[in-house]
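Take a look at the structure set out below.
We count residues from 1, following the sequence as given.
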Amino acid sequence: MAETIGSGSSMTDKSAKIFVAGHRGLVGSAIVRKLQELGFTNLVLRTHAELDLTRQADVESFFAQEKPVYVILAAAKVGGIHANNTYPADFIGVNLQIQTNVIHSAYQHGVKKLLFLGSSCIYPKFAPQPITESALLTGPLEPTNEWYAIAKIAGIKTCQAYRIQHGWDAISGMPTNLYGPNDNFHPENSHVLPALMRRFHEAKVNGAEEVVVWGTGSPLREFLHVDDLADSCVFLLDRYSGLEHVNVGSGQEVTIKELAELVKEVVGFEGKLGWDSSKPDGTPRKLMDSSKLASLGWTPKVSLRDGLRQTYEWYLENVCAAKK
């Protein structure tokens with residue numbers, strides 16, 4: 001029943017008010033850049049200090065006052081394995097609060113369409129590869145991020161519930177591993193790609209002879225440039241109106257070894273690359289099946305090499321320059 005809601009192209013009014021929740025993060029900032037590039041002139045943006053999305057009354061008054069036409073929900077509490085293990089109550093509680101408040105207030109105050117963004121960690125740890133949308137809730141989650149994953153699954157289900165009960169156009173997109181400008185390059189809690197970039201850069205600057213990476217380098221991973229994700233978000237808001245969430249990936253796999261070699265080349269580190277095989281490799285393969293999105297007519301445009309070059313330029317201009 002839900003496939004027909006809001007069918008047809010809808011993102012035609014460039015002056016329509018769009019609320020991008022989480023506009024300072026990796027994903028939100030890319031979505032803002034994309035919307036501005038496409039000529040959208042009426043973006044509503046609030047920092048956490050200006051609007052705490054975990055406070056229900058504040059969110060309700062914001063929606064009552066601003067009345068956005070579209071909402072892109074990219075705000076979330078995120079972190080790596082250590083953070084998830086240390087603060088499980090925060091990862092489930094804060095994310096549930098943000099989602100519930102924004103989705104409910106958006107519905108109540110007449111938002112035309114909402115896009116909720118999740119993560120590939122919603123899928124079972126041992127889901128068949130490549131992972132299709134139908135794999136959701138078919139097996140146990142990866143224990144190291146189950147609190148975050150359960151919150152994101154609840155977000156998908158909340159959107160579906162409002163669509164079924166109220167006929168409201170709420171959709172969900174599930175991105176694969178993302179990278180790009182505004183990524184987290186923190187030494188302890190960044191993800192594999194920015195962590196490699198930082199390590200190779202520091203090795204180059206310090207004249208180190210070798211960089212040693214954990215594991216064997218054999219696991220396969222999929223990466224999508226955040227600008228491609230932003231492009232897909234506008235595409236989905238414009239063209240998709242279905243009950244099921246949609247995977248957003250590049251469909252391209254690289255081994256961690258290939259990734260490390262590529263980052264080493266882009267950074268210009270000329271020393272050796274070593275592997276500590278006594279350290280864990282993690283999941284052997286994690287690829288999403290994005291054929292549903294491809295069948296709708298969207299494909300990514302940024303190659304991994306070009307995306308890494310652009311990300312390294314951003315790192316030099318923003319992270320390194322900030323230290324000086």
Side-chain angles (χ1 to χ4, degrees), residues 2 5-6 10-36 38-79 87 89-119 147-148 150-173 182 229-230 233-234 236-238 241 245:
I5 298 170
S10 57
M11 299 284 285
T12 49
D13 180 7
K14 297 293 164 99
S15 65
K17 191 178 275 193
I18 304 174
F19 173 44
V20 181
H23 74 283
R24 282 186 160 179
L26 171 67
V27 172
S29 61
I31 290 168
V32 169
R33 283 196 304 274
K34 176 56 67 175
L35 289 168
Q36 289 171 338
L38 292 170
F40 287 92
T41 57
N42 200 356
L43 305 186
V44 187
L45 310 173
R46 294 287 187 277
T47 63
H48 178 71
E50 292 167 332
L51 176 62
D52 183 346
L53 296 174
T54 66
R55 298 174 68 91
Q56 186 179 6
D58 294 1
V59 175
E60 284 179 0
S61 61
F62 164 79
F63 274 93
Q65 186 178 341
E66 291 294 339
K67 292 195 163 30
V69 178
Y70 300 104
V71 172
I72 301 174
L73 182 41
K77 180 173 180 61
V78 296
Y87 308 107
D90 290 355
F91 277 90
I92 195 164
V94 170
N95 283 306
L96 285 173
Q97 286 171 325
I98 290 170
Q99 294 159 198
T100 306
N101 291 342
V102 172
I103 293 168
H104 183 65
S105 285
Y107 165 68
Q108 277 200 315
H109 293 283
V111 166
K112 181 178 176 184
K113 191 167 189 174
L114 177 141
L115 169 62
F116 169 73
L117 292 169
S119 157
W147 315 106
Y148 177 76
I150 285 170
K152 287 296 179 181
I153 292 167
I156 296 171
K157 292 296 173 187
T158 303
C159 289
Q160 290 177 346
Y162 276 74
R163 177 177 284 271
I164 292 165
Q165 185 174 332
H166 300 297
W168 184 52
D169 202 1
I171 60 172
S172 300
N182 284 313
L229 173 66
C233 289
V234 179
L236 287 168
L237 272 176
D238 193 28
S241 186
H245 61 285

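For Lys77 and Phe91, the positive end sits near the middle of the six-membered ring, less than 6.0 Å away and at most 45° from its axis.
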Note to self: For a side-chain contact (heavy atoms from CB on, under 4.5 Å) check, start with the C-alpha distance between Arg46 and Glu66, then their side-chain angles and the critical distance, and finish with the verdict.
What the structure shows: CA-CA 11 Å; Arg46 294 287 187 277; Glu66 291 294 339; 2.7 Å; yes
Margin query: Go through it in stages, so that I can follow the logic: the residues are Phe63 and Val71, the test is side-chain contact (heavy atoms from CB on, under 4.5 Å), and I'd like the CA-CA distance, side-chain angles, deciding distance and then a yes or no.
Written below: CA-CA 10 Å; Phe63 274 93; Val71 172; 3.7 Å; yes
Next item on the list: Kindly indicate, with the supporting measurements, whether the criterion side-chain contact (heavy atoms from CB on, under 4.5 Å) is fulfilled by Val44 and Phe62.
Entry: CA-CA 10 Å; Val44 187; Phe62 164 79; 3.7 Å; yes
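In this structure a side-chain-to-backbone donor-acceptor pair under 3.5 Å is missing from Asp169 to Lys113. Looking only at distances, no side-chain donor or acceptor of Ser105 sits under 3.5 Å from a matching main-chain atom of Val102. Under a 3.5 Å cut-off, the side chain of Asn101 and the backbone N or O of Gln97 do form a donor-acceptor pair. Under the 3.5 Å distance criterion, the side-chain polar atoms of Lys14 are left unmatched by any main-chain donor or acceptor of Thr41. Under a 3.5 Å cut-off, the side chain of Lys17 and the backbone N or O of Lys67 do not form any donor-acceptor pair.
Considering only heavy atoms from C-beta on, Pro68 stays 4.5 Å or farther from His109 through its side chain. Contact of the Asn95 side chain with the Trp147 side chain is not registered, since no non-hydrogen atoms from C-beta on lie closer than 4.5 Å. Contact annotation: the side chain of Leu53 never approaches that of His48 to less than 4.5 Å [non-hydrogen atoms, C-beta and beyond]. Side-chain atoms of Thr100 and Gln56, non-hydrogen and from C-beta on, never get closer than 4.5 Å to each other.
With rounding to the nearest 0.5 angstrom, the OG1 atom of Thr158 is 8.0 Å from the CG atom of Leu96. Expressed to the nearest 0.5 Å, how far CZ of Phe19 lies from CG of Leu43 amounts to 11.5 Å. Remark: Leu117 CG to Leu236 CG distance equals 8.5 Å, nearest 0.5 Å. Distance CG/Leu114 to CZ/Arg163: 10.5 Å, rounded to 0.5 Å. For the atom pair NZ of Lys34 and CZ of Phe40, the computed distance is 11.0 Å after rounding to the nearest 0.5 Å. Rounding to the nearest 0.5 Å places CD1 of Ile164 at 11.0 Å from SG of Cys159.
Within a 6.0 Å sphere centred on CZ of Arg33, heavy atoms belonging to other residues, nucleotides or ligands number more than 12. Residue Gln165 qualifies as open at atom CD: its count of foreign heavy atoms under 6.0 Å is 12 or below. When the shell of 6.0 Å around OH of Tyr87 is examined, it contains 12 or fewer heavy atoms from other residues, nucleotides or ligands.
When every heavy atom of Leu115 is checked against every heavy atom of Cys233, the shortest pair comes out as CD2-CB, 3.6 Å. For the residue pair Gln99 and Ala151, the shortest heavy atom distance occurs at NE2-O, 2.9 Å. Of all non-hydrogen atoms in Trp168 and Lys112, the two that sit nearest each other are NE1-O, 4.1 Å. Nearest heavy atoms, Lys152 versus Ala75: NZ-O, 4.5 Å. Across every non-hydrogen atom of Leu51 and Asp58, the tightest pair is CD1-O, 3.6 Å. The nearest pair of heavy atoms linking Ile72 to Leu35 is CD1-CD1, 4.3 Å.
The side-chain contact (heavy atoms from CB on, under 4.5 Å) with Ile98 is formed by just one residue from the set Leu73, Ile103, Asp52, Val59; it is Leu73.
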